[in-house]
Amino acid sequence: MAGGDSGAAGSAVRDGPPPPPPPPERVLFPPTFSVSEIKNKQRRHFMFLRWKQQQRKEKLANKRKRRKEREALGDKAPPKAIPKTIENQRVYDETTVDLNDEEVAFDEATDEFAPYFNRQTVPKILITTSDRPRGRTVRFCEQLSTVIPNSHVYYRRGLALKRIIPQCIARDFTDLIVINEDRKIPNGLVLSHLPDGPTAHFRMSSVRLRKEIKRKGKEPTEHIPEVILNNFTTRLGHSIGRMLACLFPHDPQFIGRQVATFHNQRDYIFFRFHRYIFKSEKKVGIQELGPRFTLKLRSLQKGTFDSKFGEYEWIHKRREMDTSRRKFHL
């Protein structure tokens, strides 16, 4: 009987659920551990992923701990720490513009853009391309002309810019935009303010046409858009911002609910074109219309375009100027 009972008990144990697996041991890396010391490539990659996973877990645990402490303290909780970013750790620039500075106000009243801001001129823009443009560049110019009011698209047909500029001045154009391309992709933009300059040369990247933008809105209307110039803080950035503002007429037509944005971040100028609608007193819905692109200033030249004898106010020299990631010029 005893043997039978022990056999039944043994089968009951065997038929029961298996014991749970032991919890995985937490990988503890020594404080002086360096993944680069591992010679095996696969093992090094595996240990790096484990190390990153451990870092994420520790960061999440600390975040939850701080949240519970703040909830327990309530109103007595200390203010949240401001995260360090490249923007708020920016190296101070001596040419940062103070809007109340008399010297800045005098320069604005006497520079090449003063007639526009004094409402003495109405923007009239000529958009052209490099010689023999491809289809993508042509479509980009056509879409850009629907964003900038009173703009006209003409093709070069082999003419040099030195011959085009006098013709533009004779026909009362206030600005000339030249879209350059490389390997069938737009990669450069030259903006020349007429008749006395200056001329800015930008490197263009991340060009997206309307059909390439997800959840885009309907075609833009002919209403004059609003213009937003964001984060142009230095004297150079102030000049570039005023130069871009001269492309659009003064009085926007708010009924069109369209806005063109030039946002400067880390010396990259991001252009977006949106339509907005007020859903309530606090909520606004926006819909991108396109096109979109990014500009990087390469040079600013006095006067109109002259590649041989032109006098340059500013040229971007990477090896001399880009010595710190926290130093910006616009």
Side-chain angles (χ1 to χ4, degrees), residues 85-118 123 125 144 147-148 174-178 187-194 196-206 225-248 250 252 259-274 292-305 310-330:
T85 61
I86 294 181
E87 283 78 11
N88 59 27
Q89 299 294 316
R90 175 178 181 173
V91 176
Y92 177 75
D93 195 322
E94 297 178 353
T95 63
T96 301
V97 173
D98 184 5
L99 298 180
N100 299 323
D101 191 351
E102 295 181 358
E103 182 181 355
V104 174
F106 177 78
D107 291 343
E108 290 181 354
T110 57
D111 65 1
E112 299 89 345
F113 313 115
Y116 165 80
F117 288 97
N118 295 332
I125 316 300
L144 188 63
V147 173
I148 304 176
T174 61
D175 290 274
L176 171 65
I177 298 177
V178 182
N187 71 331
L189 185 146
V190 178
L191 174 58
S192 182
H193 187 70
L194 304 176
D196 301 321
T199 300
H201 185 195
F202 299 92
R203 179 167 58 88
M204 180 185 293
S205 60
S206 303
E226 306 166 51
V227 181
I228 296 177
L229 300 172
N230 189 23
N231 204 23
F232 293 91
T233 56
T234 64
R235 294 294 293 268
L236 176 64
H238 207 58
S239 299
I240 296 299
R242 287 169 63 85
M243 194 174 187
L244 296 172
C246 291
L247 299 176
F248 296 86
H250 281 282
V259 56
T261 304
F262 293 93
H263 174 71
N264 173 43
Q265 185 172 358
R266 305 181 188 181
D267 286 347
Y268 287 90
I269 303 174
F270 299 90
F271 174 80
R272 298 292 185 269
F273 192 55
H274 291 93
R292 71 164 68 161
F293 54 88
T294 304
L295 300 176
K296 174 79 169 178
L297 182 64
R298 301 179 66 178
S299 65
L300 182 64
Q301 179 184 354
K302 292 183 178 180
T304 55
F305 180 81
E311 180 182 356
Y312 288 88
E313 296 184 23
W314 185 86
I315 299 178
H316 182 223
K317 299 178 180 179
R318 294 180 59 186
R319 296 185 178 180
E320 300 177 9
M321 297 181 176
D322 296 348
T323 56
S324 173
R325 294 183 59 198
R326 297 185 292 112
K327 183 174 178 58
F328 307 116
H329 307 286
L330 298 183

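With hydrogens and angles left out, the side-chain atoms of Thr96 and Asp93 include no donor and acceptor closer than 3.5 Å.
Here the shortest heavy-atom pairing between Pro198 and Met243 reads O-CE, 3.1 Å. Listed here is the closest heavy atom pair of Leu247 and Ile148: O-CG2, 3.3 Å. Counting all heavy atoms, side chain and backbone alike, Phe293 lies closest to Met204 at CB-CG, 4.3 Å. The shortest non-hydrogen separation linking Phe202 to Arg298 is C-CD, 4.1 Å.
Looking at Val97 and Arg235, their side chains come closer than 4.5 Å, going by heavy atoms from C-beta outward. Between Phe273 and Pro225 the shortest side-chain heavy-atom distance falls below 4.5 Å. Considering only heavy atoms from C-beta on, Phe328 comes within 4.5 Å of Arg90 through its side chain. Side chains of Lys296 and Leu189 form no contact here, defined as non-hydrogen atoms less than 4.5 Å apart. Counting heavy atoms from C-beta on, the side chains of Leu297 and Trp314 come closer than 4.5 Å. Contact of the Leu330 side chain with the Leu236 side chain is registered, since non-hydrogen atoms from C-beta on lie closer than 4.5 Å. Counting heavy atoms from C-beta outward, Tyr312 and Leu300 have side chains that stay 4.5 Å or more apart. Residues Val104 and Glu108 are in side-chain contact: their nearest non-hydrogen atoms beyond the backbone lie under 4.5 Å apart.
Other residues, nucleotides and ligands contribute at most 12 non-hydrogen atoms within 6.0 Å of the CD atom of Glu102. Atom OH of Tyr92 is surrounded by more than 12 heavy atoms from other residues, nucleotides or ligands within 6.0 Å.
In this structure, CZ on Phe232 lies 5.0 Å from CG on Asn264, to the nearest 0.5 angstrom. Atoms CG and CG, on Leu194 and Leu176 in that order, are 6.0 Å from each other to the nearest 0.5 Å. With rounding to the nearest 0.5 angstrom, the CZ atom of Phe248 is 8.5 Å from the CD1 atom of Ile125. Note that the OG1 atom of Thr85 and the CD atom of Glu87 stand 5.0 Å from one another [nearest 0.5 Å]. Within the model, atoms CD1 of Ile228 and NE2 of His263 stand 11.0 Å from one another, a figure rounded to the nearest 0.5 Å. A distance of 12.5 Å separates CG in Asp101 from CZ in Phe106, rounded to the nearest 0.5 Å.
A side chain to side chain donor-acceptor pair (under 3.5 Å) with His193 holds for exactly one of Thr304, Thr199, Asp175; it is Asp175.
Remark: Asn187 pairs with no residue by the side-chain hydrogen bond (donor to acceptor under 3.5 Å, both in side chains) rule, at least two apart or across chains. Partners of Asp111 under the side-chain contact (heavy atoms from CB on, under 4.5 Å) rule, at least two apart in sequence or in another chain, are Phe113, Ala114, Arg242.
Lys302 has no carboxylate O lying under 4.0 Å from a charged side-chain N of Glu313, or vice versa, which leaves the two without a salt bridge.
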Test side-chain contact (heavy atoms from CB on, under 4.5 Å) on Cys246 and Phe117; report intermediate values, then the result.
CA-CA 8 Å; Cys246 291; Phe117 288 97; 4.1 Å; yes
As a quick check of understanding, evaluate side-chain contact (heavy atoms from CB on, under 4.5 Å) for Thr261 and Phe271, giving each step before the final call.
CA-CA 6 Å; Thr261 304; Phe271 174 80; over 6 Å; no
What's the verdict on side-chain contact (heavy atoms from CB on, under 4.5 Å) for Ile86 and Arg266, showing C-alpha distance, side-chain angles and the deciding distance?
CA-CA 8 Å; Ile86 294 181; Arg266 305 181 188 181; 3.7 Å; yes
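Within the 6.0 Å centre-distance limit, the rings of Tyr116 and His250 are counted as a close aromatic pair.
The side-chain hydrogen bond (donor to acceptor under 3.5 Å, both in side chains) contacts involving residues 318-330 comprise His316-Asp322, where partners must be two or more places apart or lie in separate chains.
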